[in-house]
*Asks:* 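Can you read through this structure? Questions will come right after.
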Amino acid sequence: MKDCTTSAPAPLISWQEAQAIGLSLAKAVTAVDRLPLAQATGRVLARPAISPLPLPPFDNSAMDGYALRLADLAGTGPWHLSVAGRVAAGDAGMHLPQGACLRILTGAAVPSGADCIVMQEHVQRDGDRITLLERPRLGINIRKQAEDLPQGGEVLPLGRVIAAREAGVLAATGAANVAVFRRVRVALFCTGSELRDPGEALAPGQIWNANRYLLGAALQDPWVELRDMGAIPDDPAQLAAALIAAAGWAELVISTGGMADGDEDHMPRLLRAAGGKVDALRISIKPGKPVGLGRLGDAIYVGLPGNPVAAFVTWTCLGAPVLRARAGIAAPGLRFSTVRLDADLSRRPGRAEFRPATLLPPGADGLARAQLMTPTFAARIALLARADGLAMIPADADYMPAGHLIDFLPF
């Protein structure tokens with residue numbers, strides 16, 4: 001007798017479990033580029049940055065004022081000192097004579113013998129003499145050597161993305177060149193015989209390919225090398241060829257569409273047929289239950305839904321952290337902020353929901369208020385463009401009153 005039974009679908013797993021699976025797959029690239037600092041913006045540090053000198057490298061003045069020695073201020077004042085010279089930034093080797101002061105400018109090295117700097121607004125100057133009415137404190141207005149960072153101290157940790165602040169501190173330590181991870185090779189293709197690029201004419205039943213440009217824009221990071229393969233028709237042979245070619249070149253392969261249970265949803269089967277493995281497929285997330293994480297050769301595979309909003313949400317919550325980990329970025333997970341619900345929320349529990357929301361001005365407690373958009377939004381990309389971020393509604397939540405604290409993922 002023919003066995004007509006079918007296996008039950010795998011149970012849903014939480015988005016947190018799926019993210020953990022993806023991160024466990026995402027070993028950082030190991031190849032390293034050594035780049036001039038000016039060319040390293042946006043790249044990921046492949047080594048901790050260590051300072052070869054202390055910061056500041058010498059005691060220097062925090063103010064325009066006068067460098068003096070407290071021991072020269074005898075009695076109760078007022079005190080009168082002669083101005084014996086001037087010290088500007090870049091001057092070196094200056095010494096403070098006994099019983100005198102030196103005019104000093106911000107950033108200048110503190111002359112030997114001086115132990116405090118009085119800002120110019122706190123003295124009266126008459127020709128080559130100043131008068132002080134109050135005794136200054138020892139060390140006032142002196143930036144001490146190494147108070148920011150000792151020699152040999154870690155400037156930046158492994159896995160830090162070099163942005164403006166990072167570039168500034170690297171330059172301050174004299175780092176002309178930096179070691180960064182090689183860019184991650186990412187291949188992207190969209191599945192669907194109905195897809196056309198903007199600018200092409202649409203036949204009945206066809207749509208323009210929003211996902212190609214949505215994800216293409218999301219992948220414009222300096223640490224990504226993107227290969228955009230365009231749209232592939234719903235033909236198993238063509239999809240298999242695209243998948244194998246992508247995995248042969250890339251460290252991360254992304255596709256959209258073809259992940260559900262329909263007649264033209266081929267991607268999980270094709271991944272397995274090519275020798276790959278599906279590590280997570282049925283994920284308790286809304287929108288985006290038809291999303292998968294897997295492997296093919298040395299490449300990680302991220303299969304996203306075809307609906308643009310669902311593709312964006314699942315990429316943001318699941319795919320992007322995997323890519324950041326693959327790039328070697330430290331702490332690649334999501335960074336939520338805390339906001340309050342603007343109105344009561346009632347819903348059917350079951351799946352965690354990432355709902356587009358706009359932010360309203362904060363209340364008396366300083367927390368912004370999230371105004372949730374309509375619960376039916378999986379294909380409403382125009383609505384997504386009006387949102388400020390995604391409000392995360394836990395899977396078991398059926399009711400939350402106005403003012404309830406929730407996690408919010410800003411765009």
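Values reported hereafter were calculated over all heavy atoms of this structure, with side chains retained and with hydrogens, waters and symmetry mates removed.
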*Asks:* Determine, for Arg185 against Glu225, whether the closest basic-nitrogen to carboxylate-oxygen distance falls under 4.0 angstrom.
*Replies:* no

*Asks:* Counting neighbours of CG on Asp365 that are heavy atoms of other residues, nucleotides or ligands and sit closer than 6.0 Å, is the number greater than 12?
*Replies:* yes

*Asks:* Any heavy-atom pair between the side chains of Asn177 and Pro36 that's under 4.5 Å?
*Replies:* yes

*Asks:* Keeping the roles fixed (side chain from Arg196, backbone from Ser193), state whether a donor-acceptor pair exists under 3.5 Å.
*Replies:* yes

*Asks:* Quick check: do Leu132 and Tyr66 have side-chain heavy atoms less than 4.5 Å from each other?
*Replies:* no

*Asks:* For the atom pair OG (Ser61) and CG (Leu102), what is the distance rounded to the nearest 0.5 Å?
*Replies:* 11.5 Å

*Asks:* In plain terms, say whether Arg160 and Glu166 are close enough for a salt bridge, that is, a side-chain N and a carboxylate O under 4.0 Å apart.
*Replies:* yes

*Asks:* Within the distance-only criterion (no hydrogens, no angle test), does the side chain of Gln206 pair as donor or acceptor with the backbone N or O of Glu194 below 3.5 angstrom?
*Replies:* no

*Asks:* How about Trp208: does its CH2 atom have over 12 heavy atoms from other parts shown lying under 6.0 Å from it?
*Replies:* no

*Asks:* If you count heavy atoms of other groups shown closer than 6.0 angstrom to CD of Glu134, is the number above 12?
*Replies:* no

*Asks:* Say you draw a straight line from CG of Leu360 to CG of Leu367; how long is it, rounded to the nearest 0.5 Å?
*Replies:* 13.0 Å

*Asks:* Flag this pair as yes if the NZ/CZ of Arg295 is under 6.0 angstrom from the six-membered ring centre of Tyr301 and inside a 45 degree cone about the axis; otherwise no.
*Replies:* no

*Asks:* Hey, what do you get for CG (Leu219) to CG (Leu323), rounding to the nearest 0.5 Å?
*Replies:* 6.5 Å

*Asks:* Among all residues two or more places apart in sequence or in another chain, which pass the ring pair (Phe, Tyr, Trp, His ring centres under 6.0 Å) test with Phe312?
*Replies:*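 Only Phe411 meet the ring pair (Phe, Tyr, Trp, His ring centres under 6.0 Å) criterion with Phe312.
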
*Asks:* Check whether any side-chain heavy atom of Leu45 lies under 4.5 Å from a side-chain heavy atom of Pro157, and answer yes or no.
*Replies:*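 In short, these two side chains do not touch, never coming nearer than 4.5 Å.
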
*Asks:* Is the shortest side-chain heavy-atom distance between Val29 and Arg183 below 4.5 Å?
*Replies:* no

*Asks:* What verdict does the salt bridge (Lys or Arg N to Asp or Glu O under 4.0 Å) test give for Asp72 and Arg69, after you've listed the backbone C-alpha separation in whole Å, the side-chain angles of each residue and the deciding distance to 0.1 Å?
*Replies:* CA-CA 6 Å; Asp72 291 336; Arg69 181 184 296 107; 2.9 Å; yes

*Asks:* Within the structure provided, determine whether Asp234 and Thr191 are in side-chain contact (heavy-atom separation under 4.5 Å).
*Replies:* yes

*Asks:* CG/Leu243 to CD1/Ile232 distance, rounded to the nearest 0.5 angstrom?
*Replies:* 10.5 Å

*Asks:* Would the distance check show the side chain of Asp115 and the main-chain N or O of Leu70 forming a donor-acceptor pair, the cut-off being under 3.5 Å?
*Replies:*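 Checked: pair present.
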
*Asks:* Tell me the closest heavy-atom pair linking Pro97 and His95, and the distance in Å.
*Replies:* CD-O, 3.3 Å

*Asks:* Is it true that, when you exclude Arg47 itself, more than 12 heavy atoms of the residues, nucleotides or ligands shown sit nearer than 6.0 Å to its CZ?
*Replies:*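 Not more than 12 within 6.0 Å, no.
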
*Asks:* Stepwise, does the side-chain hydrogen bond (donor to acceptor under 3.5 Å, both in side chains) test hold for Thr106 with Asp64?
*Replies:* CA-CA 5 Å; Thr106 302; Asp64 287 351; 2.9 Å; yes

*Asks:* If you draw a 6.0 Å radius around CZ in Arg125, do more than 12 non-hydrogen atoms from other residues or ligands fall strictly inside?
*Replies:*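 Buried by this count: over 12 neighbours within 6.0 Å.
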
*Asks:* Just verifying a value: how many Å separate Met267 CE and Thr256 OG1, rounded to the nearest 0.5 Å?
*Replies:* 9.5 Å

*Asks:* Could you tell me whether the side chain of Ile104 reaches within less than 4.5 Å of the side chain of Met94, counting heavy atoms only?
*Replies:*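 No, every pair of side-chain atoms sits at 4.5 Å or beyond.
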
*Asks:* Tell me, do Val291 and Leu304 make a side-chain contact under 4.5 Å, heavy atoms counted?
*Replies:*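 With C-beta onward as the side chain, the pair touches.
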
*Asks:* Rounded to the nearest 0.5 Å, what's the gap from CG on Leu341 to CD1 on Ile393? Could you check?
*Replies:*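 That separation rounds to 7.5 Å.
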
*Asks:* Under a 3.5 Å distance rule, please check whether Arg182 uses its side chain to pair with a backbone N or O of Thr30 as donor and acceptor.
*Replies:* no

